[in-house]
Q: 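Mind having a look at this structure? Questions to follow.
Position 1 is the first residue of the sequence, and the numbers go up from there. As the structure lists them, so they are numbered: ligands from 1, and atoms in each ligand from 1.
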Amino acid sequence: MKLEYADVAKGAAIVALLAGAALSSPAMAQSATGEALYKQRCMMCHTHTPDGRNGVGPGLYGVSGRAAASTPGFSYSPALKASKLVWTPQTLDQFLIAPSKMVPGTRMVISVPDAKQRQEIVGYLASSK
Ligand code: HEC
């Protein structure tokens, strides 16, 4: 079969439509936003890759379900080491409201006051196991 330009254009339009539909489904939209927010607000200090590399802050891949201050090779503040916290979506959410309220003396100083944005970032963090 010979493909005419119009067929190709139609095909492209369908692909674009499908991509749009996928992006507008709630689950996709949430993880895309969580990842985007993470890149904007967290990535300059925290990697999020399975190799767990540390930067200015500890690598956060798989952080949900881990004890606080337990990423190997990172030099944590005495405050976070003494916190005895375990990171779950709930404790991560609370931490991000105001890290130094939850753990006075922590060197993590970035807060995310907006509840919806916190939920999206925490959802993104919890998706890596
Ligand atoms: C300016 C650098 C910087 C930015 C930006 C930053 N952090 Fe941190 N973060 C740190 C440092 C440093 C620590 C270690 C704190 C300590 O030892 O008390 C930390 C610790 C943490 C921890 C505890 C990790 C563990 O292993 O116990 C979490 C969770 C965390 N940050 C989440 C985030 C999230 C989510 C964002 C983005 C909204 C973010 N951070 C942005 C520097 C940063």
Side-chain angles (χ1 to χ4, degrees):
M1 187 186 102
K2 189 166 160 281
L3 269 181
E4 298 293 344
Y5 174 73
D7 288 320
V8 176
K10 223 193 290 165
I14 290 169
V15 169
L17 261 176
L18 287 176
L23 277 175
S24 61
S25 82
M28 282 287 292
Q30 181 173 4
S31 63
T33 318
E35 184 174 355
L37 287 167
Y38 185 87
K39 284 185 177 152
Q40 279 170 18
R41 312 271 186 89
C42 319
M43 198 99 116
M44 65 283 243
C45 296
H46 294 286
T47 68
H48 191 245
T49 49
D51 65 12
R53 246 173 331 112
N54 297 316
V56 173
L60 291 184
Y61 193 86
V63 72
S64 184
R66 266 202 320 245
S70 65
T71 297
F74 187 80
S75 169
Y76 286 97
S77 66
L80 196 61
K81 279 196 275 194
S83 73
K84 300 256 169 31
L85 284 168
V86 173
W87 297 125
T88 63
Q90 289 71 35
T91 55
L92 285 167
D93 183 78
Q94 204 193 332
F95 186 60
L96 290 175
I97 294 173
S100 54
K101 278 234 172 71
M102 191 176 184
V103 183
T106 181
R107 292 187 194 118
M108 160 71 185
V109 293
I110 304 301
S111 62
V112 183
D114 184 282
K116 182 82 180 45
Q117 293 186 347
R118 268 199 321 277
Q119 194 193 355
E120 276 162 3
I121 293 173
V122 169
Y124 174 65
L125 287 176
S127 72
S128 63
K129 291 272 173 332

Q: Could you tell me whether the side chain of L60 reaches within less than 4.5 Å of the side chain of T47, counting heavy atoms only?
A: no
Q: Is it the side chain, the backbone, both or neither of V112 that has a heavy atom closer than 4.0 Å to ligand 1?
A: side chain
Q: At under 4.0 Å between heavy atoms, which part of R66 makes contact with ligand 1: side chain, backbone, both or neither?
A: neither
Q: Do you know the tightest heavy-atom contact between G62 and S128?
A: N-OG, 2.9 Å
Q: Does some side-chain heavy atom of T71 sit less than 4.5 Å from a side-chain heavy atom of N54?
A: yes
Q: Taking distance alone, with no angle check, do S75 and ligand 1 share an N/O pair under 3.5 Å?
A: no
Q: Taking heavy atoms and a distance under 4.0 Å, where does L96 meet ligand 1: side chain, backbone, both or neither?
A: side chain
Q: Would you indicate whether the side-chain heavy atoms of M102 and I97 approach each other to under 4.5 Å?
A: no
Q: Select one of side chain, backbone, both or neither to describe which atoms of Y38 lie under 4.0 Å from any atom of ligand 1, heavy atoms only.
A: neither
Q: Just jot down the ligand 1 atoms closer than 4.0 angstrom to any heavy atom of M44, in number order.
A: 5 (C)
Q: Closest heavy-atom contact between V122 and D93?
A: CG2-N, 4.0 Å
Q: For atom 26 (O) of ligand 1, find the nearest protein heavy atom and state the residue, atom name and distance (0.1 Å precision).
A: Y76 OH, 2.5 Å
Q: H48: what forms a ring-ring contact (aromatic ring centres under 6.0 Å, His included) with it, not counting sequence neighbours?
A: Y38, Y61, Y124
Q: Taking R118 for the side chain and L96 for the main chain, is one N or O donor matched with an acceptor at less than 3.5 Å?
A: no
Q: Going by the atom numbers of ligand 1, which of them fall below 4.0 Å from some non-hydrogen atom of F95?
A: 22 (C), 28 (C)
Q: I want to check something: taking the side chain as every heavy atom from C-beta on, are L92 and S64 in contact at a cut-off of under 4.5 Å?
A: yes
Q: Which protein heavy atom lies closest to atom 12 (C) of ligand 1, and at what distance to 0.1 Å?
A: V56 O, 3.4 Å
Q: Can a salt bridge be assigned to the pair K116 and D114 using a cut-off of 4.0 Å between side-chain N and carboxylate O?
A: no
Q: Output the list of atoms in ligand 1 that are nearer than 4.0 Å to some heavy atom of T106, sorted by atom number.
A: 15 (C), 16 (C), 18 (O)
Q: Check each atom of ligand 1 against the heavy atoms of A69 and keep those under 4.0 Å away; list them by number with element.
A: 25 (C), 26 (O), 27 (O)
Q: Could you tell me whether a side-chain N or O of S100 sits under 3.5 Å from a main-chain N or O of G105, the two making a donor and an acceptor?
A: no
Q: Could you tell me whether some N/O pair between R41 and ligand 1 is separated by less than 3.5 angstrom?
A: no
Q: Is there a side chain to side chain contact (heavy atoms under 4.5 Å, CB included) between M108 and H46? Walk through the geometry before answering.
A: CA-CA 11 Å; M108 160 71 185; H46 294 286; 4.1 Å; yes
Q: Measuring from R107:CZ to L80:CG, what's the distance to the nearest 0.5 Å?
A: 9.5 Å
Q: When you compare ligand 1 with S77, is there at least one nitrogen or oxygen pair between them that comes in under 3.5 angstrom?
A: yes
Q: When you look for heavy atoms under 4.0 Å from ligand 1, do you find them on the side chain of L92, its backbone, both, or neither?
A: side chain
Q: For W87, take its heavy atoms, then give the atoms of ligand 1 lying under 4.0 Å from any of them.
A: 23 (C), 24 (C), 25 (C), 27 (O)
Q: Give the atom numbers and elements of ligand 1 that come within less than 4.0 Å of a heavy atom of A68.
A: 27 (O)
Q: Can you name the residues that form a ring-ring contact (aromatic ring centres under 6.0 Å, His included) with Y76, not counting sequence neighbours?
A: F74
Q: Check atom 8 (Fe) of ligand 1 and write out every protein N, O or S atom at under 2.8 Å, as residue and atom.
A: H46 NE2, M108 SD
Q: Under 4.0 angstrom from ligand 1, any heavy atom of F74?
A: yes
Q: Which residues satisfy the side-chain hydrogen bond (donor to acceptor under 3.5 Å, both in side chains) test with T91, sequence neighbours excluded?
A: T88
